[in-house]
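Report on one structure; see the data block that follows.
One-based numbering, in listed order, for ligands and for the atoms of each.
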Amino acid sequence: MFRDATSQQQTPPTLQAFISLLTLVEALAAITEQRENAQCVEPGNVPTITLRSTGQAFAEIAKQVLQCKYVGVLALEPPDERQRLIGSSGLPPEEEHRLHEDTFQVPLADYIDTAAIAQLHTDQVVLLDLQTRPFVTTRSIHGARYRLVAPIMLHGRLAGLFTMAKTDEKYPDVYSAYSPEEIALAKGIARLAALVIEKVGLLQECAEAQAKEQRLQATARRYEDFISTASHELRTPLTTIKGNVQLAQRRVAALEKQAAQNSLSPESLRRIEQPLKETLLNFNRLERMILELLDFSRIQADKFIMRKQPCNLVEIVRQVVEEAQKNAEGRVIRLSLPEQSVVPIIADADRISEVVNNYLSNAHKYSPLEESIDVRLMVEDEQARVEVQDRGPGISPEDQAHIWERFYRAPGIEMLGERAVNSNLGLGLYLCKEIIELHQGQLGVNSTPGQGSTFWFVLELAKVSDEPENATT
Ligand code: ADP
């Protein structure tokens with residue numbers, strides 16, 4: 001427990017300084033323990049402990065054991081000992097804010113003279129009367145003329161400052177303002193501050209290492225899932241293709257026999273149409289997956305190139321919707337276009353088609369067939385916006401943050417029926433993100449679980465002065 005000012009007056013000064021220091025040590029141990037435990041509860045949650053929050057807690061405790069107007073803890077950063085206030089106590093909020101701004105990134109040499117800095121470098125406390133020995137450049141003294149500045153040394157280097165400020169109301173000069181016990185206490189506090197800074201640094205490193213490890217593990221897990229999904233997804237259409245080609249072969253053999261017997265009918269010819277249709281469907285699916293995988297490896301190798309040309313977004317969207325409608329029997333896809341027949345953009349038309357197609361095929365894949373899908377193209381503020389709205393299961397806020405990552409597939413979202421014939425590698429939205437970002441556009445999803453999703457992207461309209469680019473990444 002902290003001692004109050006009355007009991008401090010009745011206790012001999014050295015003992016009082018010792019008790020204060022002990023109180024501070026106890027309180028500090030409690031802060032860092034709490035923070036370490038907080039880290040255990042949420043392992044890898046980078047990092048709940050920061051120099052700023054610990055510095056502030058430290059300053060508040062130090063102020064309680066010291067009798068002064070305010071205290072401050074400053075870190076000094078290379079290359080020229082730039083100050084950063086990491087905690088202060090005793091000033092009203094607006095003054096504290098000013099102190100923060102006044103000191104932020106200002107080299108120590110702008111504040112105190114070379115002789116004082118030399119003293120600090122040799123681990124000595126400096127006492128300053130700011131009236132007779134003012135700051136090097138004009139600065140606010142925040143109503144307290146007498147300063148005690150104690151160095152915070154870390155591995156023999158001046159890493160920060162612990163400062164105390166007193167007014168001149170009760171004391172004739174700075175030397176009578178600070179008793180030897182107080183000076184010793186301030187020095188002790190500065191040593192503790194050094195330990196705290198070091199410990200925070202170590203904890204931060206540890207939390208970052210933990211978080212990195214967890215991220216690596218999550219990526220490795222997702223990669224393993226991907227490998228097993230990919231091998232399954234690639235094998236399924238191959239098996240179907242093989243089966244259908246064999247079936248077609250058998251039927252051709254039967255046709256040959258019928259031809260030899262002159263009994264060939266249009267009916268029996270049609271019987272080879274069905275396995276061939278199936279083969280083509282699965283072949284397309286396989287091709288889409290292989291193309292996605294190729295694009296993925298191009299991104300990894302930094303060779304994902306957009307071939308941008310002037311093009312009309314109305315045409316792109318219209319074509320994708322028409323094509324999708326052909327392959328989505330039983331589904332109503334509504335298209336809403338702006339009044340203007342041309343929405344000019346500078347883009348890789350094939351890649352932008354892929355994005356619209358991906359949004360649309362996901363909407364088809366994940367929402368009930370009887371629900372319609374809306375595709376909208378709008379123009380506002382020199383920007384074109386494309387939206388694909390479905391009435392499917394929706395996506396939870398947590399999953400919304402991850403669906404754009406490679407190999408991510410939201411748990412619990414099922415593909416519906418035959419529409420599962422589309423690629424399912426968890427790469428589609430990742431590729432969309434890459435494509436739109438390479439066009440300097442934005443993209444996203446608005447979704448509420450149970451109420452469907454609206455996937456969108458926005459691109460700048462082409463200006464008359466825009467030159468076509470041939471190959472731009
Ligand atoms: P996938 O090949 O698995 O469809 P995507 O990258 O296209 O990969 O999508 C990632 C995940 O986002 C999907 O696995 C699915 O869980 C979720 N998702 C995408 N679109 C929708 C949608 N319209 N409705 C609900 N979930 C969706």
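Between Glu77 and Arg82 there is no salt bridge, since none of the side-chain N atoms of the basic residue sits less than 4.0 Å from a carboxylate O of the acidic one.
At a heavy-atom cutoff of 4.0 Å, ligand 1 is contacted by the side chain of Phe455 but not by its backbone. By the criterion of a heavy-atom distance under 4.0 Å, the side chain of Asn358, and not its backbone, is placed next to ligand 1.
Each of the following atoms of ligand 1 lies closer than 4.0 Å to a heavy atom of Leu425: 2 (O). For ligand 1 and Lys365, the ligand atoms under 4.0 Å from any heavy atom of the residue are 1 (P), 2 (O), 4 (O). Of all atoms in ligand 1, listed by their number and element, those nearer than 4.0 Å to a heavy atom of Tyr408 are 10 (C), 11 (C).
When Gly392, Gly426, Cys432, Gly428 are ranked by how near their heavy atoms come to atom 1 (P) of ligand 1, first place goes to Gly426. One option in Leu360, Asp390, Ile403, Leu429 has a heavy atom closer to atom 9 (O) of ligand 1 than any other, and that option is Leu429.
Two residues are said to be in side-chain contact when any heavy atoms from C-beta on lie closer than 4.5 Å; Phe283 and Ile241 meet this criterion. A heavy-atom distance below 4.5 Å is not found between the side chains of Asn244 and Leu276.
Under 3.5 Å, the side chains of His402 and Glu405 contain a donor-acceptor pair of N or O atoms.
Using modelled atom types, one side-chain atom of Asn312 and one backbone atom of Val343 make a donor-acceptor pair closer than 3.5 Å.
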Exercise for review: Before giving the answer on side chain to side chain contact (heavy atoms under 4.5 Å, CB included), spell out for Phe457 and Gln442 the whole-Å C-alpha distance, their side-chain angles and the decisive distance to 0.1 Å.
Suggested key: CA-CA 6 Å; Phe457 68 84; Gln442 293 103 46; over 6 Å; no

